[in-house]
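A short write-up of the structure that comes next.
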Amino acid sequence: MATMAAASSHLFYNNGISSKFNKSSITLKQSSFYHKNCRNFRTHLVVKASSSDNNDTKNGRKQEELVYNLDEKLNRLADEVDMNAGLSRLSLFSPCKINVFLRITNKRPDGFHDLASLFHVISLGDKIKFSLSPSKTTDRLSTNVPGIPLDERNLIIKALNLYRKKTGSDKFFWVHVDKKVPTGAGLGGGSSNAATALWAANQFSGCLATEQELQEWSGEIGSDVPFFFSNGAAYCTGRGEVVQDIPSPVPFDLPMVLIKPPEACSTAEVYKRFRLDVSSTADPLALLEKISKNGISQDVCINDLEPPAFEVLPSLKRLKQRIVAAGRGKYDAVFMSGSGSTIVGVGSADPPQFLYDEEDYKDVFLSGKSVLLCPFFLSILKLG
């Protein structure tokens, strides 16, 4: 796997709050409530004692100050408790992604397509709670959104099954997903959930696998899953599973609005209608270099899957056109993410007014507070 830096993950550990974003400098500690409070308890006990001293001509005695560092003692004790305490619950944040550009470069003999894309995680994401199950045969999955499969069709269950298969772990889980990322959106919500589940299972099992192994295994679940073990910004090739970490080429406080109609695009149908001979010929590495130098602009946000997606869902093309027209230049770029059906407007977090005014758009999903996520920000959360 082509990587520029040690593999690391996007995941949050919210008993602290901690995030597992910078593996090289930060390791997860199973923080108990006792440990957390000891860390905030800064106490030095000062004891003054007298001793005989023939050199003290004043009274024949000398005052000696002994410092008893209670904070240090409590921290050592808390560390011992943490080392012996088993992990029983985890609450994790599972962010989604956008494709800043998406080039389809080749049709493969196996029927898949080669792509070259700039992936970046954003601040919209799901919250997932994991608990160890007393069962030794079955995982239990629940969610706040109806219609999501809760069996082996769900990528979370696939990830947990894959982890047990690869490591021999006998642990099963109760999992609850508080869904914020819409499905069928081209935002990789399900792929992120799968990566989150793999990482969580590894923590519960005492880290039987390295993070690089988790990333490699995750490609068996889906092409987008390995990206979610990256640093948050990556140049992805192959089917999407070849992940090359890069420094984020755009500002982390870049505002954006996500607009998704209730209709979803079938990824299989979009690829079925894709025609390589009429797609863009832009060099993806040149697009990446231009973004790194000049930031995001409409001419670099190329998505080769837009034309076939607009054939599958003609209303999506009209939606994009209206957003561009209504934005009146306030967006640096407007483009579709992944295979759709989310339209991303970069440069402003304000949705166009027509989305609020017109009955036809009353069921559109809007997220107008999304920004890019950066490793530095997540590392601060872990240390906080």
Side-chain angles (χ1 to χ4, degrees), residues 1-12 19-24 93-105 112-125 181 186-196 198-199 210-252 254 256 282-293 295-296 300-305 335 337-339 344 346 370-379:
M1 178 175 295
T3 55
M4 296 177 63
S8 56
S9 176
H10 65 283
L11 304 172
F12 280 42
S19 86
K20 193 181 67 65
F21 217 115
N22 189 343
K23 181 183 176 185
S24 61
F93 179 68
S94 180
C96 64
K97 57 81 180 172
I98 59 169
N99 299 86
V100 180
F101 65 80
L102 176 56
R103 285 288 341 280
I104 307 298
T105 58
F112 289 97
H113 291 78
D114 284 321
L115 60 84
S117 179
L118 171 57
F119 283 57
H120 209 300
V121 292
I122 62 175
S123 56
L124 175 67
V181 180
L187 299 174
S191 296
S192 177
N193 291 171
T196 304
L198 272 179
W199 189 86
T210 66
E211 204 163 290
Q212 183 177 355
E213 288 174 323
L214 295 178
Q215 187 178 45
E216 292 171 354
W217 299 344
S218 69
E220 299 181 25
I221 304 171
S223 300
D224 286 353
V225 184
F227 162 71
F228 289 98
F229 287 95
S230 75
N231 283 328
Y235 179 66
C236 298
T237 54
R239 292 184 292 111
E241 85 285 2
V242 182
V243 180
Q244 183 174 335
D245 284 303
I246 62 171
S248 179
V250 290
F252 291 119
L254 185 68
M256 66 186 70
D283 181 356
L285 288 175
L287 295 176
L288 184 59
E289 182 179 5
K290 189 170 183 179
I291 292 172
S292 300
K293 288 182 178 179
I296 290 181
V300 296
C301 294
I302 297 170
N303 186 340
D304 286 340
L305 295 181
F335 56 90
S337 181
S339 58
V344 182
V346 173
S370 297
V371 293
L372 302 177
L373 285 183
C374 68
F376 175 72
F377 171 72
L378 296 174
S379 298

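- With sequence neighbours excluded, no residue forms a side chain to side chain donor-acceptor pair (under 3.5 Å) with Ser191.
- Minimum heavy-atom separation, Ser117 to Asn99: OG-ND2, 2.9 Å.
- Put simply, the side chain of Lys97 gets close to the backbone of Gly186: a donor and an acceptor are under 3.5 Å apart.
- The CD atom of Gln244 sits 11.5 Å away from atom CG of Leu118, with the distance rounded to the nearest 0.5 Å.
- With contacts defined as side-chain heavy-atom distances shorter than 4.5 Å, the pair Tyr235/Pro284 qualifies.
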*Check the pair Val242, Cys236 against side chain to side chain contact (heavy atoms under 4.5 Å, CB included), reporting the backbone distance first and the verdict last.*
CA-CA 5 Å; Val242 182; Cys236 298; over 6 Å; no
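- The two residues Ala194 and Ile221 have their closest heavy-atom pair at CB-CG2, 4.1 Å.
- Annotation: the span from Phe101 atom CZ to Ile302 atom CD1 amounts to 9.0 Å, rounded to 0.5 Å.
- Residues Leu102 and Phe335 have side chains not in contact (no heavy-atom distance under 4.5 Å, counting atoms from C-beta outward).
- Nearest heavy-atom pair across Thr196 and Ser94 is OG1-OG, 3.0 Å.
- The side-chain heavy atoms of Ser248 and His120, taken from C-beta on, include a pair separated by under 4.5 Å.
- Counting heavy atoms from C-beta on, the side chains of Val181 and Asn193 never come closer than 4.5 Å.
- Shortest non-hydrogen contact noted between Gly338 and Asn303 is O-ND2, 3.0 Å.
- Ser230 approaches Gln215 most closely through the heavy-atom pair N-NE2, 4.3 Å.
- Put simply, the side chain of Val250 does not reach to within 4.5 Å of the side chain of Val346, judged on heavy atoms.
- To the nearest 0.5 Å, atoms NZ (Lys290) and CD1 (Ile296) are separated by 13.0 Å.
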*Decide yes or no on side chain to side chain donor-acceptor pair (under 3.5 Å) for Gln212 and Glu216, but give the supporting numbers first.*
CA-CA 6 Å; Gln212 183 177 355; Glu216 292 171 354; 3.3 Å; yes
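- Checked by atom type and distance alone, the side chain of Asn231 never pairs as donor or acceptor with a backbone atom of Ala233 at under 3.5 Å.
- Side-chain polar atoms of Asp114 and Thr105 form no donor-acceptor pair below 3.5 angstrom.
- For the atom pair CG (Leu124) and CZ (Phe93), the distance works out to 7.0 Å, reported to the nearest 0.5 Å.
- Side-chain atoms of Cys96 and Val121, non-hydrogen and from C-beta on, never get closer than 4.5 Å to each other.
- Atom CG in Leu287 sits 10.5 Å away from atom OG in Ser292 (nearest 0.5 Å).
- Taking the side chain as every heavy atom from C-beta outward, Leu187 and Ile98 approach each other to under 4.5 Å.
- The minimum heavy-atom distance linking Pro95 with Ser192 is given by the pair O-OG, 2.7 Å.
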